[in-house]
Every structure is written in C-alpha cells, then in structure tokens.
Amino acid sequence: MNKGKKLYEGKAKILYGTKDKDLIIQHFKDDATAFNNLKKSSVEGKGVLNNRISEHILSNLSQCGIKTHFIKRLNMREQLIKKAEIFPIEFIVRNIATGSLTKRLGIPEGTVLNKPLLEYCFKKDDLNDPLISKEHIFSFEWATEEDIKEIDKMTLRINDILIGLFRGIGIKLVDFKIEYGKTWNKDTEKKEIVLADEISPDTCRLWDSKTEKKLDKDRFRKDLGNIIQGYQEVARRLGIMPEETNISEVNFGKTIPIKFKKK
Ligand code: TMP
Ligand code: ASP
C-alpha cells in the first residue's frame, strides 16, 4: 500500500492518505508527551511496540464482535485503517481510581470502583481536553443520543473483554481512553460507529496484578524510568514478543533491534 500525503500529525501518530479514499495509513511515532505537551520526549521503540500491541488488542476485540477501524498491520510502525470521522470526544473508562479522578474528587488512589465509571472529555488540546457531560455532547451536537447509547454499550463491552484479556496475563486494567469514529460500510451502505485510534500502554493504565507495578505511560508521566521495559513486558505477556527480546531504553538515536514473533 503506497503512502500518500500526510493528512494529520498528532502527538504520537501520523495519518497518511492512500490511493483509496476510504483507507488511511496510521504511523506510530516514538514521541511521548504528557500533560498536553508540557512534557515531551522520544522513547525509542515505543511506536513499534504500540503498533503491535494495538494491532493485537483491536484484532481480539474484532473477534469478539466489536467493529473497529483496524484492517491490517503493514510494517513495524504502520497499520492500514478505515477512514473515519472521529467524534471530538475522548471516552474514558475507570475500574480503579487513580490519575485525574483522584485529583479532581479526592477519591483515594487505588479505590476499586463498584462499577466501571464512564467519563467524556472534549478532544481539544488548547483547552486541555476538559471533562464534559452527556448534556454538553448533545447540546453542541458532538454526537447524537443514539450514537452515545451505542458507544456506551460498546465501551462497557470493550472494558469487559479487556479486563479478561489482561487478567489472564496477570495485569489489572485500571483505566483507559478510547476514541470512536463513523465509517462508511459499503455492504450495508450506511455509516457505522467503529472503535478508532489505538489501545496501548499509552492509552491504558496497566498494573501488574501482584505487585501493582505500573507497565504503562505513567512510567513516563511520573518519571519512574524503564518506560520501554514496561511496554515490552505487556507485549511479552500478550505473547507477541519472544521472551529473550530486550529493548534498551533512552539510547536516543541508536537503532534498537526489536524482534517479534511471526504470525
Ligand atoms: P487521567 O486519569 O489522566 O484522566 O487518564 C485517564 C486514562 O486516559 C488513562 O488511562 C490515561 C488515558 N489518557 C489518554 O490516553 N490520553 C490523555 O490525553 C489523557 C489525559 C489520558
Ligand atoms: N496525551 C496527553 C499529552 O500528550 C496526555 C497524557 O497522556 O497524559 O499531553
């Protein structure tokens, strides 16, 4: 698939057009940002790992009947996806209290929530992606009531599937952020809602079940070090990286050999 022109560059990914107007190439960068770009670095190997982890997770979700934008992985850093009109909303699911929830409401860190908590944020970097209610979404027509009803249902189902997937490899799914878009379905000749963007340690909080060690982007946000080792551990446990592979961190500018299991 030939890469066309750059359509959009975000903090961690770049989107390129293709000859087919309905298809896009999603490229995963090594750039890591936090607190809306205030903290910025390059974590070598992160893009490769996120490409592979997100492929694995979205493929698993698709096997469980969740419609996604993912078509196939093209190479180490790129995947082919369906073009989607993205809702300007970040959908957050929380199973355990941490991060902005503990800061905002004073809920003690680590509190296990009695049911998954859904939150919505307006996707607007200049405003720091503020928390919004469903009423804001409907009032400003960022999505319809029907869309949100369907998305909430999909989101809770995704949470159930992912909790199980991660529990099986000794990881607690603490919280995560997902995005959705609308794509054109050629068969039904209708627009449909699909899970878009990525699901990776950049967008989830993942704690080791026994030790509660963080295996996600909080290692970067909180300067805990060993960022890539955390992501690598997730990939290894998901069974998409051979045991012996080790990606050393912080060697900026150096090429790091990363081997993956063939499919
Ligand atoms: P928060 O506790 O900082 O609000 O984050 C909730 C979840 O959303 C957590 O898993 C990290 C993820 N997240 C993103 O993927 N992108 C973001 O820009 C933010 C703020 C959070
Ligand atoms: N993705 C956001 C940023 O780039 C925040 C975060 O993930 O913590 O600043």
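Atoms within each ligand, like the ligands themselves, are counted from 1 in listed order.
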The atoms of ligand 2 lying under 4.0 Å from a heavy atom of R221, numbered in the order shown, are 6 (C), 7 (O), 8 (O)
Shortest protein contact, [atom] (heavy atom only):
atom	answer
atom 3 (O) of ligand 1	R205 NH2, 3.5 Å
atom 15 (O) of ligand 1	K177 CE, 3.2 Å
atom 1 (P) of ligand 1	S100 OG, 3.4 Å
atom 5 (C) of ligand 2	F35 N, 3.9 Å
atom 19 (C) of ligand 1	E90 OE1, 4.5 Å
atom 7 (O) of ligand 2	K217 NZ, 2.8 Å

Examine the proximity of ligand 1 to [X] and report which part, side chain or backbone, both or neither, has a heavy atom under 4.0 Å away.
X	value
E119	neither
D202	backbone
R221	side chain

Taking [X] for its side chain and [Y] for its backbone only, find out whether a donor-acceptor pair lies under 3.5 Å.
X	Y	value
R94	V174	no
K46	A32	no
S200	I53	no

Relative to atom 10 (O) of ligand 1, which among D175, D125, N36, V174 owns the nearest non-hydrogen atom? D175
Under the side-chain hydrogen bond (donor to acceptor under 3.5 Å, both in side chains) criterion, do K11 and N36 qualify, and how do the steps go? CA-CA 9 Å; K11 285 175 287 206; N36 200 19; 3.2 Å; yes
Is it the case that the side chains of Y231 and D216 hold a donor-acceptor pair, with the cut-off being a distance below 3.5 Å and no angle test? no
Distance alone, cut at 3.5 Å: any donor-acceptor contact between the side chains of T155 and D152? no
So W142 and F122, would you call those rings parallel, tilted or perpendicular, with 30° and 60° as cut-offs? parallel
Plane angle bin for F140 and H136 - parallel if under 30°, tilted between 30 and 60°, otherwise perpendicular: parallel
Report, in ascending order of atom number, the atoms of ligand 1 lying under 4.0 Å from any heavy atom of [X].
X	answer
G99	2 (O)
C204	10 (O)
F176	10 (O)

At a non-hydrogen distance cut-off of under 4.0 Å, which region of K39 contacts ligand 2 (side chain, backbone, both, or neither)? neither
Where does D202 meet ligand 2, judged by heavy-atom distances below 4.0 Å: at the side chain, the backbone, both, or neither? neither
Quick check on K217 - does any of its heavy atoms sit under 4.0 Å from an atom of ligand 1? no
Does K6 make a cation-pi contact with Y16 (under 6.0 Å, within 45 degrees of the axis)? no
Going by side-chain hydrogen bond (donor to acceptor under 3.5 Å, both in side chains), E198 matches just one of Q26, K177, H69, K13. Which one? K13
Do other residues, nucleotides or ligands put more than 12 heavy atoms under 6.0 Å from the NZ atom of K3? yes
